[in-house]
Amino acid sequence: AYENNEFGISLQPRINVKDTSKIGFEALLTWNHPVLGSLDAAYFINQAEAMGLTIKLDLYVLKAVCEKIMDFKSKGFENVQMAVNISNKNAFKKEFIDTICTIITSYDLPINSLQIEMTGNLEINRLETYKIMFERLKQIGVDIIINNFEIKQESLEVFKELPIDEVKISSSILSSDLINDKVFLDIINLCKDLGYKVIVGKISDDRKLIKAITDDADKIQGDFLFKKMEESLAEEVLLNYGAYRLRIDDIIVNAKKIL
């Protein structure tokens, strides 16, 4: 599949609740299977890891996103942030980090237009490795996002030491259970106390949307807002974002009235 150029990316919009004039995207790896059609990474990433392909795939997505940022810039969309998922397992390989930095600096990217989103749980015994990696990336204008945040004492010790910009949490924790609602709020408050902005992902209904907004999330993302889309459709979203923004502003205002 890799040799046949069957991989591609789809983009899912990410809305800035604090400043709705800003919109970003998360780049998601897809496999354009010749028989099954477009497949999400969840369907094949374990097999890719077993075959030792994750580094090639991470670098493929990174290059595609850098090119897309430059494409957006050439069309007048200069304030668009794009996030690239990087496997936590690859963060320990110096050659991989060197290659990432070389790729990024080869493009004239607007400052902070690229975000590296680390997937998987951070390992406390790798603290210094993470710190060196994140500091190198921040020196070249890249923001750092941590995915799959966990409330654990050992996680807190790691997070306090690292130059992280944003933390992404899933709204899937929410249910009709008020205990889960409180846990969700506690996680957001904890992130804020650590000085990080909070992205709430996987928003699939209006209750989760309202909860994310009223609990002071900085950014929101999910199929209830925008489904993932092809690159060409992402450009249409940017072109028509003025109309989308009016609707988003109304949603935010109405959600805050519930407080």
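All figures in this text were calculated on a predicted structure; none of them were measured in a lab.
- Checked by atom type and distance alone, the side chain of Asp223 never pairs as donor or acceptor with a backbone atom of Ser204 at under 3.5 Å.
- Across every non-hydrogen atom of Tyr60 and Gly8, the tightest pair is OH-CA, 3.3 Å.
- With a 4.5 Å cut-off on side-chain heavy atoms, Leu62 and Leu114 count as touching.
- The environment of CZ in Arg247 is sparse: at most 12 heavy-atom neighbours from other residues, nucleotides or ligands sit within 6.0 Å.
- Remark: the backbone N or O of Glu49 is not paired with any side-chain donor or acceptor of Thr54 at under 3.5 angstrom.
- A single hydrophobic cluster is seen to contain both Leu239 and Met82, as judged by linkage of ILVMFWY side chains at heavy-atom distances under 4.5 Å, directly or through other members.
- Between Asn85 and Thr119, the side chains place no donor N or O within less than 3.5 Å of an acceptor N or O (distance only, hydrogens not considered).
- The one candidate from Asp58, Ile86, Val84 that meets the side chain to side chain contact (heavy atoms under 4.5 Å, CB included) condition with Ile100 is Ile86.
- By the 6.0 Å contact criterion, NZ on Lys73 is enclosed, its count of non-hydrogen atoms from other residues, nucleotides or ligands being greater than 12.
- For the pair Ser113 (side chain) and Val80 (backbone), a donor-acceptor distance under 3.5 Å is absent.
- Using modelled atom types, no side-chain atom of Asp165 and backbone atom of Ile145 make a donor-acceptor pair closer than 3.5 Å.
- Environment of NZ in Lys18: crowded, with over 12 heavy atoms of neighbouring residues, nucleotides or ligands closer than 6.0 Å.
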Show your reasoning for whether salt bridge (Lys or Arg N to Asp or Glu O under 4.0 Å) applies to Glu117 and Arg14. CA-CA 13 Å; Glu117 187 167 323; Arg14 184 174 282 173; 3.1 Å; yes

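- With sequence neighbours excluded, no residue forms a salt bridge (Lys or Arg N to Asp or Glu O under 4.0 Å) with Asp250.
- Salt bridge annotation for Asp98-Arg136: present, with a cationic side-chain nitrogen under 4.0 angstrom from a carboxylate oxygen.
- Using a distance-only test at 3.5 Å, with no hydrogens or angles considered, no donor-acceptor pair links the side chain of Glu231 to the main chain of Leu11.
- Looking only at atom types and distance, the side chain of Asn88 has a donor-acceptor partner in the side chain of Tyr130 under 3.5 Å away.
- The backbone N or O of Lys211 sits less than 3.5 Å from a side-chain atom of Thr214, completing a donor-acceptor pair.
- Counting non-hydrogen atoms of neighbouring residues, nucleotides and ligands closer than 6.0 angstrom, the CG atom of Asn32 exceeds 12 such neighbours.
- Listed here is the closest heavy atom pair of Tyr241 and Thr20: OH-O, 2.6 Å.
- Ring centroids of Phe7 and Phe44 are separated by less than 6.0 Å, placing the two rings close together.
- The number of heavy-atom neighbours closer than 6.0 Å to NZ of Lys138, taken from other residues, nucleotides and ligands shown, is above 12.
- The number of heavy-atom neighbours closer than 6.0 Å to NZ of Lys192, taken from other residues, nucleotides and ligands shown, is above 12.
- Summarising the geometry, atom CD belonging to Glu235 is positioned 10.0 Å from atom CG belonging to Leu233; distances are rounded to the nearest 0.5 Å.
- For Glu230, the CD atom is loosely surrounded, since the number of other residues' heavy atoms within 6.0 Å does not exceed 12.
- Proximity of Arg245 to Ile23: side-chain heavy atoms (C-beta onward) are nowhere separated by under 4.5 Å.
- Under the 4.5 Å side-chain heavy-atom criterion for grouping Ile, Leu, Val, Met, Phe, Trp and Tyr, Ile132 is not connected to Ile116 through any hydrophobic cluster.
- Geometric assessment of Lys68 against the ring of Phe72 yields a positive cation-pi assignment under the 6.0 Å and 45° thresholds.
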